[in-house]
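Submitted below is the structure of interest, expressed as structure tokens.
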Protein chains: 2
Amino acid sequence: MSLPPATGPDGPAAVADAPSDGDRPVRPVPEATVSRLAVYLRVLGELREAGVETVSSEELAGASGVNSAKLRKDLSYLGSYGVRGVGYDVASLQGRLQGELGMDHRQAVALVGVGNLGHALAGYAGFAGRGFPVSALFDVDDDLVGIDINGIRVRHVRDIPEVCAGGGVTIGMIATPGPAAQAVCDLLVQGGVQSILNFAPVLLQVPEDVEVRKVDLSVELQVLAFHVARRHGADGQAPGARAGSETNGSVVSPR
Amino acid sequence: MSLPPATGPDGPAAVADAPSDGDRPVRPVPEATVSRLAVYLRVLGELREAGVETVSSEELAGASGVNSAKLRKDLSYLGSYGVRGVGYDVASLQGRLQGELGMDHRQAVALVGVGNLGHALAGYAGFAGRGFPVSALFDVDDDLVGIDINGIRVRHVRDIPEVCAGGGVTIGMIATPGPAAQAVCDLLVQGGVQSILNFAPVLLQVPEDVEVRKVDLSVELQVLAFHVARRHGADGQAPGARAGSETNGSVVSPR
DNA sequence: AGGTGTGAAATCTTTCACAGCA
DNA sequence: TGCTGTGAAAGATTTCACACCT
């Protein structure tokens, strides 16, 4: 059970201005591409576990829900990692993507708010399994502070700055009720966290150098509802074809 | 605590081919616009509760995390609802959006998988509050089947087709482990569900007329990790300015 | 003045289609 | 022969900037 990709149709600019780093080819890597790279990485992991050593763009794309041209273009931003006439080496491409997605440095994740949703997130095996072990938990509720969830002790939100700064937390997740989110966000920023995944239905104000991604389930449902409503307008699709497939956080265009 | 918008950078086509409905101006409404409409709707609700009667595009946009030009363009797809020199009437714009987003017909939601995440989703107040009451719960686990969550009895997945068809379920949410997702999806489709929100990290195969949106938390985290890794390359941003704001499921470009 | 609605320009993404290496 | 890598075309989205109503 994974959760949400920023339903994300949008995204202001691409990775934009990455200040001319230094020497490597450091191509821009479009924002749209980044989220797909994460998907390819998951699929590569599955392929590898299945013992597959090589994949063609066609196969990898199919398993990822995109078309092969897009996949090849996406990978091309990282440089040439395939072999013409053959395909990609699963292991090495996986390694390349892990590096690109920052999976070589360990990412320590802090989760604030262990109520309903937060508790579920804390216990979500998919995180640890994918290299994002939740290493710190916080809440304001005295009934929750002090308990252990999956071996992690829940601490009071007032300790956020200290624990995050001291523990090298790079990513913060906010799963508190809306009204508490901004204050929690400020504490995370104080602790040096520059990347935040926000589940609260509010707009967070942050300094320029902090990145926030928002995950809003009701928005997802409303987008679905919109299409439900649309279908009632006129459809008359002969229930013929089958094979459809989903697309990342986006709608499967019922072309 | 809301959840995820399909991390969504993507989205094949716009609402595309809506077969010439009949008479109204039924404009295309770009897919990217749809998810923002949901955000505006939430903000309008807050404004209304606060007693605000009129908003300018500048204000509504600010509170929604977009710029005013985008907001005006988005609203223009629905027709003219503002008054020049004044702004928009909160109540009537809210009504218009609700209609457009299918919030006038009641949307019955079925949730499959009440484990860790599913349980949290079932109890998420934001759903009912935003017009998406979860009206049916399913699981395969005999220890869960039969219990009540928020007043809803958990039923066995085998009953999905019957319950969905009989209960007029329009939206299904899948919060099962990956391996079970496809089978569950097939059952939902059998029950006539045409809109599915998938939290399982797998690509669902569905008939053409069924829409799937996927929400993948690990993808979100990896996108954040990517940017964390980027920052280590070169940044040298003077920690000057403050006021940033998040953008829907997308990255706040640290321009 | 003040603020909406909207062509037209600028961007970002996706798709085509094919040259070129294995 | 098979499949990658990629310019160039096509599309979608965002941003400009300004005419036009109140």
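By convention in this document, chain letters (A, B, ...) are assigned in the order of the sequence lines, proteins followed by strands, and residues within each chain are numbered from 1. What you see is a predicted model, and the numbers here were worked out from it, not measured in a lab. Note: hydrogens, waters and symmetry copies are ignored here, and every other heavy atom, side chains too, is used.
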- Task: Would you indicate, yes or no, if C:dG5 has its OP1 or OP2 atom less than 4.0 angstrom from a side-chain nitrogen or oxygen of B:Y88?
- Result: yes

- Query: Can you check the B:L75 CG to C:dG5 P distance for me, whole Å?
  - Reply: 7 Å

- Query: Pick from A:L93, A:L44, A:L41: which one makes a side chain to side chain contact (heavy atoms under 4.5 Å, CB included) with A:Q98?
  - Reply: A:L41

- Task: Return no unless some side-chain N or O of B:N67 is found under 4.0 Å from OP1 or OP2 of D:dT15.
- Result: yes

- Measure the distance from CG on A:D89 to P on D:dC3 and round it to the nearest whole Å. 16 Å

- Report the nucleotide, chosen from C:dT6, C:dT4, C:dT13, that has the shortest atom-to-atom distance to any side-chain atom of B:K73. C:dT6

- Query: What is the distance, rounded to the nearest whole Å, between atom CG of B:D74 and atom C1' of C:dT4?
  - Reply: 14 Å

- If every non-hydrogen atom of B:V43 is compared with every non-hydrogen atom of B:S64, which pair is closest and at what distance? CG2-OG, 3.6 Å

- Item | Earlier contact from the 5' end, DNA chain D, for B:T33 and A:Y81 | A:Y81

- Note on the structure: Testing D:dT14, D:dT13, D:dT4 for proximity to the side chain of B:R36, the answer is D:dT14

- Message: Counting only heavy atoms not in B:E46 (residues, nucleotides, ligands), do more than 12 fall under 6.0 Å from its CD?
- Response: yes

- Position toward the 5' end of DNA chain C (nearest nucleotide), B:G82 or A:V86: B:G82

- Task: Check the distance between C:dT13's C1' and A:Y77's OH and give it to me in whole angstrom.
- Result: 8 Å

- Query: Do you know which two heavy atoms are closest between B:Q182 and B:L204, and how far apart they sit?
  - Reply: OE1-CA, 3.5 Å

- B:R230/A:E100 salt bridge by N-O under 4.0 Å criterion: yes

- Which one, D:dG5, D:dT13, D:dC20, comes nearest to the side chain of B:A32? D:dT13

- Report the distance from atom CG of B:L93 to atom C1' of C:dG3, rounded to the nearest whole Å. 15 Å

- Task: Examine C:dT15: is either OP1 or OP2 under 4.0 Å from a nitrogen or oxygen in the side chain of A:K70? Give yes or no.
- Result: yes

- Between the base of C:dT4 and the side chain of B:R84, is there any donor-acceptor pair under 3.5 Å? yes

- Task: Would you mind reading off the distance between B:L78 atom CG and C:dT6 atom P, rounded to a whole angstrom?
- Result: 11 Å

- A:R72 atom CZ is separated from D:dA8 atom P, nearest whole Å, by 18 Å

- Can you tell me if the side-chain N/O atoms of B:S57 get under 4.0 Å from OP1 or OP2 in C:dG3? no

- Message: If you assign each of A:V83 and A:A69 to its closest nucleotide in DNA chain C, which residue comes earlier from the 5' end?
- Response: A:A69

- Could you tell me whether the phosphate oxygens of C:dG3, OP1 or OP2, come under 4.0 Å of any side-chain nitrogen or oxygen in B:S56? no

